[in-house]
Amino acid sequence: MPRVHSLARRHDAPAMLVQLTDSHLFGEPDTAMLGVNTDASLRAVLRQIEADGKRPDLLLATGDLSQDGEAAAYQRFAAILGQAGVLSGAQIRCLPGNHDQPAVMRQELPQWSVPVTDVGAWRVVTLDTTVPGSNAGHLPDSQLDMLEAALAAEPGRHTLIAMHHNPMQIDSHWHDSMMIDNPQALFKRLTRWPQARVLLWGHVHHEFDRRRHNLRMLATPSTCFQFSIRDGKHVVDNLAPGYRWIKLYQDGSMATGVRRVQDALWHTALAPDDAQAA
């Protein structure tokens with residue numbers, strides 16, 4: 001099992017985790033994608049976190065940090081987060097998505113790519129579900145073995161597992177060909193470890209909250225453009241970007257919610273034509 005990083009906290013204090021996902025930054029700064037300046041949108045989400053008074057102990061960036069996998073995109077992602085006062089003192093962890101270049105991401109963000117982190121009474125494990133040359137996801141045995149080793153090493157510690165691809169259909173009326181192709185392999189492993197409490201992902205640019213046995217299954221809006229399913233089709237939604245906060249308690253319980261960027265902050269991230277139309 002890889003080396004574990006621990007975050008010091010008062011013994012009985014809940015930990016605050018914030019999830020950002022799918023920022024889709026480009027190597028070229030201030031590039032717009034689907035009408036959204038992805039740099040400006042990420043900054044707007046960070047300002048919303050600060051306005052909401054969230055002070056994360058741990059920030060998780062769950063993939064598609066970059067749209068083109070350029071080193072400059074990861075460098076700028078780090079710079080934007082580094083300039084956010086609300087993240088002062090927070091630990092940051094990231095994992096790759098299907099648009100990322102995992103090797104480049106880990107080279108540029110080595111300290112943020114540690115896969116196992118302890119915070120308070122919880123263990124957070126990040127998984128790599130990427131498949132080279134594909135938008136779909138897969139969990140190889142190496143990742144499943146790493147997860148199981150992390151669970152076996154601390155059976156008394158509540159565990160949150162984070163990844164990029166969704167392990168289940170988000171909408172029964174739409175066939176998702178870009179989720180992980182072996183979700184049952186993951187769920188079969190997790191049945192052995194009741195301390196696994198939360199499964200968290202990005203990828204879908206959509207809010208999702210469901211229970212599966214002892215697991216809370218959560219997905220989170222993108223920090224830029226959003227998707228939804230309408231009439232069995234995958235379409236771009238005009239909802240504002242957002243983030244998820246999760247409060248992790250010592251007894252294994254949790255509280256969570258999604259916050260979206262308020263109008264004034266959101267309009268600054270839109271391309272000029274889209275801002276006038278909104």
Side-chain angles (χ1 to χ4, degrees), residues 18-52 56 59-87 92-102 104-109 112-113 130 135 162 164-166 178 201-207 219-228 234-244 258-278:
V18 164
Q19 180 197 10
L20 301 180
T21 195
D22 297 84
S23 54
H24 291 276
L25 301 189
F26 289 79
E28 188 69 25
D30 292 313
T31 301
M33 184 177 184
L34 297 178
V36 178
N37 178 324
T38 57
D39 284 43
S41 185
L42 175 59
R43 290 188 179 99
V45 172
L46 290 166
R47 288 196 296 270
Q48 189 65 55
I49 295 170
E50 184 166 20
D52 292 340
L59 182 136
L60 274 179
T62 52
D64 283 357
L65 282 61
S66 171
Q67 171 65 20
D68 54 15
E70 294 288 334
Y74 299 114
Q75 293 163 9
R76 208 166 62 260
F77 183 83
I80 290 172
L81 267 59
Q83 293 161 4
V86 71
L87 298 182
I92 300 173
R93 297 291 180 263
C94 62
L95 56 89
N98 50 292
H99 287 285
D100 287 306
Q101 289 292 333
V104 179
M105 186 198 79
R106 292 180 183 118
Q107 178 180 332
E108 296 299 330
L109 307 173
W112 293 2
S113 299
T130 60
N135 283 322
H164 181 68
H165 291 84
N166 47 309
M178 294 194 296
W201 63 86
H203 190 48
V204 296
H205 293 229
H206 187 76
E207 181 180 353
T220 298
S222 164
T223 66
C224 51
F225 50 86
Q226 310 303 309
F227 291 135
S228 63
H234 199 217
V235 298
V236 177
D237 203 315
N238 63 359
L239 288 170
Y243 70 94
R244 179 178 292 281
V258 163
R259 285 283 293 163
R260 293 185 183 271
V261 173
Q262 300 304 294
D263 287 347
L265 291 175
W266 174 220
H267 277 225
T268 65
L270 292 172
D273 291 345
D274 296 274
Q276 292 172 9

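Quick caveat, the model's predicted, so the values are computed rather than measured.
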Heavy-atom pair of closest approach, residues S23 and T223 | CA-OG1, 3.1 Å
D64 and G97 have their tightest heavy-atom pair at OD1-C, 3.2 Å
Pair R259-Y243, side-chain contact (heavy atoms from CB on, under 4.5 Å): steps then yes or no | CA-CA 6 Å; R259 285 283 293 163; Y243 70 94; 3.5 Å; yes
Where the side chain of D39 meets the backbone of P29, is there a donor-acceptor pair that is under 3.5 Å apart?
-> no
For P56 against V18, the heavy-atom pair lying closest together | CB-CG2, 3.8 Å
Could you go through the side-chain contact (heavy atoms from CB on, under 4.5 Å) check for E207 and R244 one step at a time?
-> CA-CA 9 Å; E207 181 180 353; R244 179 178 292 281; 4.0 Å; yes
Please confirm whether the backbone N or O of C224 pairs with a side-chain atom of Q226, one donor and one acceptor, at under 3.5 Å?
-> yes
What closest approach, in Å, do E70 and G27 show between heavy atoms, and which atom pair accounts for it?
-> CB-CA, 3.8 Å
Heavy-atom donor-acceptor pair, E50 side chain to L46 backbone, under 3.5 Å = no
Check whether any side-chain N or O of Q48 sits under 3.5 Å from a backbone N or O of Q262 as a donor-acceptor pair, and report yes or no.
-> yes
Is it true that a side-chain atom of R76 and a backbone atom of F26 form a donor plus acceptor pair closer than 3.5 Å?
-> yes
For the atom pair CZ (R43) and OG1 (T38), what is the distance rounded to the nearest 0.5 Å?
-> 9.5 Å
Given side chains that start at C-beta, do those of L59 and L87 come closer than 4.5 Å, heavy atoms only?
-> yes
Go through the structure and list residues passing ring pair (Phe, Tyr, Trp, His ring centres under 6.0 Å) with H164, not counting sequence neighbours.
-> H203
Are L42 and L20 close enough, and set up right, to give a side-chain contact (heavy atoms from CB on, under 4.5 Å), and what steps lead you there?
-> CA-CA 9 Å; L42 175 59; L20 301 180; 4.1 Å; yes
Indicate the atoms forming the closest heavy-atom contact of A40 with N37, along with that distance.
-> N-OD1, 3.0 Å
Quick one: pull up CH2 in W201 and OG1 in T220 and give me the separation to the nearest 0.5 Å.
-> 9.5 Å
Just how far is it from atom CG of L60 to atom OG1 of T21, taken to the nearest 0.5 Å?
-> 9.5 Å
Taking all atoms of both residues into account, what is the closest heavy-atom pair of L65 and L95, and its distance?
-> CD1-O, 3.7 Å
Taken to the nearest 0.5 Å, the spacing of H206 NE2 from S222 OG works out to 13.0 Å
Please work out which of the three classes, parallel, tilted or perpendicular, describes the rings of H99 and H24, given edges at 30° and 60°.
-> perpendicular
Got a donor-acceptor contact below 3.5 angstrom from the S66 side chain to the L25 backbone?
-> yes
Backbone N or O of Q101 within a donor-acceptor pair of the Y74 side chain at under 3.5 Å?
-> yes
What's the spacing between H205 NE2 and L239 CG if we round to 0.5 Å?
-> 13.0 Å
